[in-house]
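Keep in mind that this is a model prediction, so the values were computed, not measured. Chain letters run A, B, ... following the sequence lines, proteins first, then strands; residues in each count from 1.
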Amino acid sequence: MQRWSKLFIPTLREAPTDAEVASHKILLRAGYIRQLGAGIYSYLPLGQRSINKICAIVREEMNKIGQEFLLPTLNPRELWEESGRYAVMGDNMFHLKDRKGADLVLAMTHEEVITSIARNELRSYKQLPQIWYQIQTKFRDEPRPKSGLLRVRQFLMKDAYSFDIDAAGLDESYNKHDAAYRAIFTRCGLQFVAVEADSGAMGGSGSQEFMVYTDAGEDLIASSASGYAANLEKAISQLAPVEDLAPTGDGTPELVSTPGKASIADVTEFFGIQSSQDIKCVAFMGARAGHPAGEPLRPIVAFLRGDHQVNETKLTAIAGTADLRPMTPEELALHIGGPAGFLGPIGIEQVMTQGSLNGLKSGKALDKLKGVLRDVPSEGIKTIVVLDLGLEGRKNLVCGANKLDYHYRNVTPGRDFTQTLIADIRNINEGELDPIGGQPLRLGKAVEVGHIFKLGYKYTESMGARVLDANGKEVMPIMGCYGIGIERILTAAIESSAASFKAQFPDTEKAGDQYALSPTIAPYEVVVTITNVREADLLAAGEKIAADLSAAGVDVLLDDRDERAGVKFKDAELIGVPYRINIGKKLAEGQVELVDRLQQSTTDVTVESITNHLQSLLNASKQ
RNA sequence: CGGGGCGUAGCGCAGUCUGGUAGCGCACCUGCUUCGGGAGCAGGGGGUCGGAGGUUCGAAUCCUCUCGCCCCGACCA
């Protein structure tokens, strides 16, 4: 049992102006954290207790599948040069020199350190599989730290790495982490979704992010009732059928004068059509992925339905570029042949047309095409034309004529123009149906609390880790990596809870600061509030109840401060503890009040039964 | 790195335009009263105005430089 009167819990009545998001304000006001610099925070006793509880849960679950390490954060620069990440990380990594002038870095993650241990120690397939993890401070020189503990430069991360002899083994290690992560987040009281993630340039075979919906998040994810969930960068949907326009005249493309009609809205109004019956053109220049700067940029033109938005991550992956930027007017004229507002697919000189690669949509053929695109040098390259899947099979569309103040109608893909490839390159929209169960998709901001990723051979190859297999042949172990942001669990829990309180009491002035944590991660499971410590009966009863609870194994905080009841109630709520026992007037009748902040209920319980009553509540919450 | 905003007491803010040597609320300390939803009255302590330089008889206030923090964007294995 701990006594509030002896503790350091510096609560604030008002939040510092620097705090913008709910969790940041709450963490400051509740005395969990204090800021030292941009993206650098001290964890005060309450914050530390909560963090410790989260770490304990992570350890318990991770110990079921792996072994804990403690690894150095101070790393020699050479180690990161070996893996090739020294250059990749650039300014995102903190650099320093020791007294001899040797270059050191502060580790952002521990793939390099772990792999160096693996290559030195692992010799045989008999030593595999291994799952190694650590919970440590990581450093990232974020270009823009923000939102309290959500995006910081120094933070705790649980990082795990698996080494397996083959892909089947990696699948197993990956699945173990999937299960462990679900257990961890559930025990922490989080409502999460596991989404398919963009595996980036590495093209790994599997990658899942564990996300918690909150407006403070920086990612957009789509999910539906049938269990489909994906990052917007990966999400696909079923499109409702769209009625094609009836052909006019002889049904072939017809040039129409459309003076000044440069926007989708103008054009659809002019023709009296839906935006889904119009073709939108988005034009980019991009550097070929994996090639040195200085190579000429390549033109990439995307065509989508007028009511759809291009997803640059998808387009980047498809086109094999490292990045994209919009074309300048000069580039539009050169590569497409028309002015902005009147761009269209007819007449573009493409990198490849009508070839065997044309029209491929998925699978190995698509991968092959992407490979080919990557291998085409940029010198003198013709335009790469990408048609979004949403336009496949459509007829009699309206599009720009690549001529100022003119559009075409009766344009049919495949008949009137071809493309380099057809692919999914758009953002899904909320309300569209998911691809597996046909349920409406919900789109929302979310924060990433965990990520599991099939790494493959990236590090074992570059850093030279080898073991002998059963045939005595030297093979590379295959790796997976798996991260959890410890502070983000706390932050996400606060954000979610604060948001639901706010939704419930939209009018309450400070609803944004109302929240409650799961007892599993709250700094204390219960606060025993003696409403007036000057009344000997109340004081004695509170002491006894707190002592009993403590003896029963409950993590209890006794508010024995000589403060007014209102102050104590407010403080107890501020620190997010889910249960509160009020020792007050009803004691004369042998009763105390149990306030359940998660259920938002208050019940009278007899002094004799309060310990058992609370214990059963706590046990239920741990299921 | 681009755009915007802000640094005055522990927290929230006023004062800056129109220079005259710093003020309010909360918090803190003392006393009395009060005691179930951030108490009342009285008294009190605390800042040299982010930093440096300059202009001036005189600078929180004007000028120059600089440091820091927040927000939007870019970036984010």
Kindly point out which of [options] is positioned nearest to the side chain of [X]?
| X | options | answer |
| --- | --- | --- |
| A/K570 | B/G37, B/G12, B/C75 | B/G37 |
| A/V567 | B/C70, B/G36, B/G38 | B/G38 |
| A/N532 | B/C35, B/C71, B/G37 | B/C35 |
| A/R13 | B/G36, B/G38, B/C69 | B/G38 |
| A/E593 | B/A77, B/C71, B/G36 | B/G36 |
| A/Q35 | B/G36, B/C69, B/C71 | B/C69 |
| A/T109 | B/A77, B/C75, B/C70 | B/A77 |

Within the modelled atom types, does a donor on one side and an acceptor on the other bring the side chain of [X] and the base of [N] under 3.5 Å apart?
| X | N | answer |
| --- | --- | --- |
| A/E14 | B/G38 | no |
| A/E563 | B/G37 | no |
| A/R325 | B/A74 | no |
| A/R29 | B/G10 | no |
| A/R580 | B/G37 | yes |

>> Less than 4.0 angstrom from a charged side-chain N to a carboxylate O is my criterion; do A/E543 and A/R3 meet it?
In response: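 Yes, this pair counts.
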
> Is it true that A/E218 and A/K146 have a side-chain N and a carboxylate O under 4.0 angstrom from each other?
Replying inline: yes

For [N], give the paired nucleotide (Watson-Crick: N1-N3 plus N6-O4 or O6-N4; G-U: N1-O2 and O6-N3; both under 3.5 Å), or none.
| N | result |
| --- | --- |
| B/G47 | none |
| B/A77 | none |
| B/G53 | B/C63 |

>> Between C1' on B/U33 and CZ on A/R534, what's the gap in Å once rounded to a whole number?
In response: 11 Å

> Once you round it to whole Å, what is the distance between C1' of B/G38 and CD of A/Q514?
Replying inline: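 Those two atoms, CD and C1', are 12 Å apart.
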
> Rounding to the closest angstrom, what is the interatomic distance between B/C49 and B/C41 at atom P?
Replying inline: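 It works out to 33 Å between them.
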
